[in-house]
K.L.:
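First, the structure itself, so that you have it in front of you.
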Amino acid sequence: MTRYARGFDTGAAFAYLEKRDRKLGAWMRRLGPIGPDPRWRKRFDPVDALARAIMYQQLSGKAAATIVGRIEAAIGSDRFHCDTLARIDDAGLRACGASGNKTLALRDLARREAAGEIPTLRQMAAMDEDAIIAALVPIRGIGRWTVEMMLMFRLGRPDILPVDDLGIRKGAQAVDKLAEMPKPKELAARGERWGPYRTYASLYLWRIADQASAAKTPTPRSQG
């Protein structure tokens, strides 16, 4: 049985991409090496992580953290699972600040966990990326992008390219000096040359997008 490691050799990824893609390589040298994410080595609970991803969607980090903190206090646990979420009813979740849609999403996650439909961290180690995505996107409130972020930043899978991500598309636009952002299908085709390190390329595309946006922002004139 194939076992998938968490994390990858970022030095090898840098050397590979720098030679593989001249335009991206120039940006990479300018920005410098990106090291391994420390989260790749930390254990985490997929169900709890998905619950928190649901709660943080479309909210500022501060607002979401406040709501999450209220729910933790109400259930008497910092672990979101079917057993702990059963300690609070829907009205209680709403009183904590959870929207109706997020309440339904948490209930669906808990139901699927109780039914054994959510793979554990140990099980994910034996699953490829497509299998993990297929297992998790049926959960209400969990889309492909959310799973891709887990694959990249928690599981450390080396070959993920979130083609629907706005920052990734803006970064690719800057690399190739395009008039418009590439469409997801175009980006997927462009990213073929970055395999098997599309995750590492993505990390740079986000930073490149930030740099490009900063360069476009006009500097306020000093008042004399």
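Residues: numbered from 1 along the sequence shown.
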K.L.:
In terms of side-chain geometry, is the basic nitrogen of K23 or D21 positioned less than 4.0 Å from the acidic oxygen of its partner?
P.N.:
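No, K23 and D21 are not salt-bridged.
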K.L.:
Does the separation of the ring centres of Y4 and W40 fall below 6.0 angstrom?
P.N.:
no
K.L.:
Is any side-chain N of the basic residue among E192 and R20 closer than 4.0 Å to the acidic one's carboxylate O?
P.N.:
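Looking at E192 and R20, the cut-off is not met.
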K.L.:
Give the table of side-chain donor-acceptor pairs shorter than 3.5 Å for residues 24-36, with sequence neighbours excluded, one pair per line with atom names and distance.
P.N.:
residue : atom : partner : partner atom : Å
R29     : NH1  : E18     : OE2          : 3.2

K.L.:
Same cluster for L178 and I168 if Ile/Leu/Val/Met/Phe/Trp/Tyr side chains link at under 4.5 Å?
P.N.:
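No, L178 and I168 fall in different hydrophobic clusters.
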K.L.:
Is D83 salt-bridged to R87, cutoff N-O under 4.0 Å?
P.N.:
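No, no charged N to carboxylate O under 4.0 Å.
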K.L.:
Would you sort out whether Y56 and V68 count as a side chain to side chain contact (heavy atoms under 4.5 Å, CB included), showing the intermediate values?
P.N.:
CA-CA 9 Å; Y56 273 79; V68 167; 4.0 Å; yes
K.L.:
Evaluate side chain to side chain contact (heavy atoms under 4.5 Å, CB included) for I139 paired with E117, printing each intermediate quantity in order.
P.N.:
CA-CA 10 Å; I139 303 166; E117 297 176 14; over 6 Å; no
K.L.:
Taking D90 first and then R94, would you say they form a salt bridge - that is, a charged N and a carboxylate O separated by under 4.0 Å?
P.N.:
no
K.L.:
Check whether E113 reaches the backbone of C82 with its side chain - one donor and one acceptor, N or O, closer than 3.5 Å.
P.N.:
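Yes, E113 side chain to C82 backbone: donor-acceptor pair under 3.5 Å.
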K.L.:
Between Y197 and F8, what is the ring plane arrangement, given parallel below 30°, perpendicular above 60°, and tilted in between?
P.N.:
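Plane angle between 30° and 60°, so tilted.
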K.L.:
Could you check whether atom CZ of R207 has more than 12 heavy atoms from other residues, nucleotides or ligands sitting under 6.0 Å from it?
P.N.:
no
K.L.:
Quick check: does any side chain N or O of Y200 sit under 3.5 Å from a backbone N or O of W194, one acting as donor and the other as acceptor?
P.N.:
no
K.L.:
Check step by step if side chain to side chain contact (heavy atoms under 4.5 Å, CB included) holds for D165 and W206.
P.N.:
CA-CA 9 Å; D165 185 277; W206 273 312; 2.8 Å; yes
K.L.:
Grouping I, L, V, M, F, W and Y whenever their side-chain heavy atoms are under 4.5 Å apart, do L121 and I142 come out in a common cluster?
P.N.:
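Yes, one cluster joins them.
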K.L.:
Judged by atom type as modelled, is there a donor-acceptor pair below 3.5 Å linking the side chain of S213 to the main-chain atoms of D210?
P.N.:
no
K.L.:
Check step by step if side chain to side chain contact (heavy atoms under 4.5 Å, CB included) holds for R154 and D37.
P.N.:
CA-CA 9 Å; R154 304 303 291 270; D37 193 311; over 6 Å; no
K.L.:
Is it the case that one hydrophobic cluster holds both M127 and I160, taking links as side-chain heavy atoms less than 4.5 Å apart, direct or via other members?
P.N.:
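Same hydrophobic cluster.
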K.L.:
Please confirm whether the backbone N or O of Q57 pairs with a side-chain atom of K102, one donor and one acceptor, at under 3.5 Å?
P.N.:
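The answer is yes, because a donor-acceptor pair under 3.5 Å joins these two groups.
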K.L.:
With a 3.5 Å distance limit and no angle check, can you tell me whether E72 reaches the backbone of S77 through a side-chain donor-acceptor pair?
P.N.:
no
K.L.:
Can a donor-acceptor pair be found, under 3.5 Å and without considering hydrogens, that links the side chain of R6 to the backbone of K42?
P.N.:
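Present.
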K.L.:
Within the side chain of R169, is there an N or O that forms a donor-acceptor pair under 3.5 Å with the backbone of P182?
P.N.:
yes
K.L.:
Do you reckon M149 sits in the same ILVMFWY cluster as L151, going by side-chain contacts under 4.5 Å, direct or chained?
P.N.:
yes
K.L.:
Is a salt bridge present between R190 and E186, judged by a nitrogen-to-oxygen distance below 4.0 Å?
P.N.:
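No.
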K.L.:
Less than 4.0 Å between a side-chain N and a carboxylate O, is that true for R198 and D159?
P.N.:
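Between R198 and D159 there is a salt bridge, with a charged N closer than 4.0 Å to a carboxylate O.
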